[in-house]
Amino acid sequence: MNTENNEQKMAAATVTADSAAGDDRATERKLGTRAPGFIQKSSLLRLGWQVAIFFVGLAVIGAGIAMLVLPGPGWLVIFGGMAIWATEFAWAQIVLRWTRHKVTEAAQRALEPKVRRRNIILTTTLLLIITALAGIYLWKFDIVMP
């Protein structure tokens, strides 16, 4: 009985240490399907489920690609389609994890003081150039109301 108690304490300490260290592997889910159990038991239902998930994800990604040129949140919808695929396909889960990691890295880099200062200077310079060009255009051609 004492041995079981010690093993439980060691396992709890390991889980706590992993969580405290921020280990990404401890928080990530295992790769694979998230289909309900009754679907996983039948190969025909599983195949139908995979086909349905594939086409729903494809439709959402297609809508996202259309939104890249039309009004709408294109990239957000594309990532939503990838998330739909990731519920069933391991390759999509890997791509989604990689994308999430890269977006997190980019966000952290953008918050660095040196990079923020550079981005603010570039944005301000670009806005000044656009304002100057618009002023020159208006001075030269004036606004003519129909």
If Ile, Leu, Val, Met, Phe, Trp and Tyr residues are connected whenever their side-chain heavy atoms lie under 4.5 Å apart, and connections chain through other members, are [X] and [Y] in the same group?
X      : Y      : answer
Leu127 : Tyr137 : no
Phe79  : Leu58  : yes
Met67  : Val69  : no
Ile129 : Ile121 : no

**Prompt:** Minimum heavy-atom separation for Ile61 to Ile78, with atom names?
**Reply:**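 In terms of heavy atoms, the two residues are closest at CG1-O, 3.8 Å.
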**Asked** Is it true that atom CH2 of Trp91 has more than 12 heavy atoms of other residues, nucleotides or ligands lying nearer than 6.0 Å?
**Response**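 More than 12 heavy atoms, drawn from other residues, nucleotides or ligands, come within 6.0 Å of this atom.
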Measuring from atom [atom1] of [X] to atom [atom2] of [Y], what distance do you get when rounded to the nearest 0.5 angstrom?
X      : Y      : atom1 : atom2 : result
Thr87  : Trp49  : OG1   : CH2   : 7.0 Å
Thr131 : Ile136 : OG1   : CD1   : 11.0 Å
Thr125 : Ile130 : OG1   : CD1   : 11.0 Å

**Asked** When you look at Arg100 and Glu105, which way does the salt bridge (charged side-chain N to carboxylate O under 4.0 Å, His left out) test go after all the steps?
**Response** CA-CA 9 Å; Arg100 188 177 299 134; Glu105 275 183 3; over 6 Å; no
**Prompt:** Hey, is the main chain of Ile120 close enough, under 3.5 Å, to the side chain of Thr123 for a donor-acceptor pair?
**Reply:**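 Here the side-chain-to-backbone pair does not exist.
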**Request:** Keeping the roles fixed (side chain from Gln93, backbone from Ala86), state whether a donor-acceptor pair exists under 3.5 Å.
**Result:**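 Such a contact is found between Gln93 side chain and Ala86 backbone.
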**Asked** Between Phe54 and Phe89, what is the ring plane arrangement, given parallel below 30°, perpendicular above 60°, and tilted in between?
**Response**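 Geometry flag for Phe89 against Phe54: perpendicular rings.
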**Message:** I'd like to know whether Leu68 forms a side chain to side chain contact (heavy atoms under 4.5 Å, CB included) with Trp75, so could you lay out the CA-CA distance, the side-chain angles of the two residues, the decisive distance to 0.1 Å, and finally the verdict.
**Reply:** CA-CA 7 Å; Leu68 290 176; Trp75 285 110; 3.5 Å; yes
**Prompt:** Does some side-chain heavy atom of Val95 sit less than 4.5 Å from a side-chain heavy atom of Met82?
**Reply:**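 The answer is yes, as the side chains (C-beta and beyond) meet within the 4.5 Å cut-off.
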**Request:** Only counting residues at least two apart or in another chain, list the ones meeting salt bridge (charged side-chain N to carboxylate O under 4.0 Å, His left out) with Glu112.
**Result:**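 By the salt bridge (charged side-chain N to carboxylate O under 4.0 Å, His left out) rule, Glu112 matches no residue at all.
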**Message:** Does Val115 form a side chain to side chain contact (heavy atoms under 4.5 Å, CB included) with Asn119? I'd like the steps, not just the answer.
**Reply:** CA-CA 6 Å; Val115 175; Asn119 289 343; 3.7 Å; yes
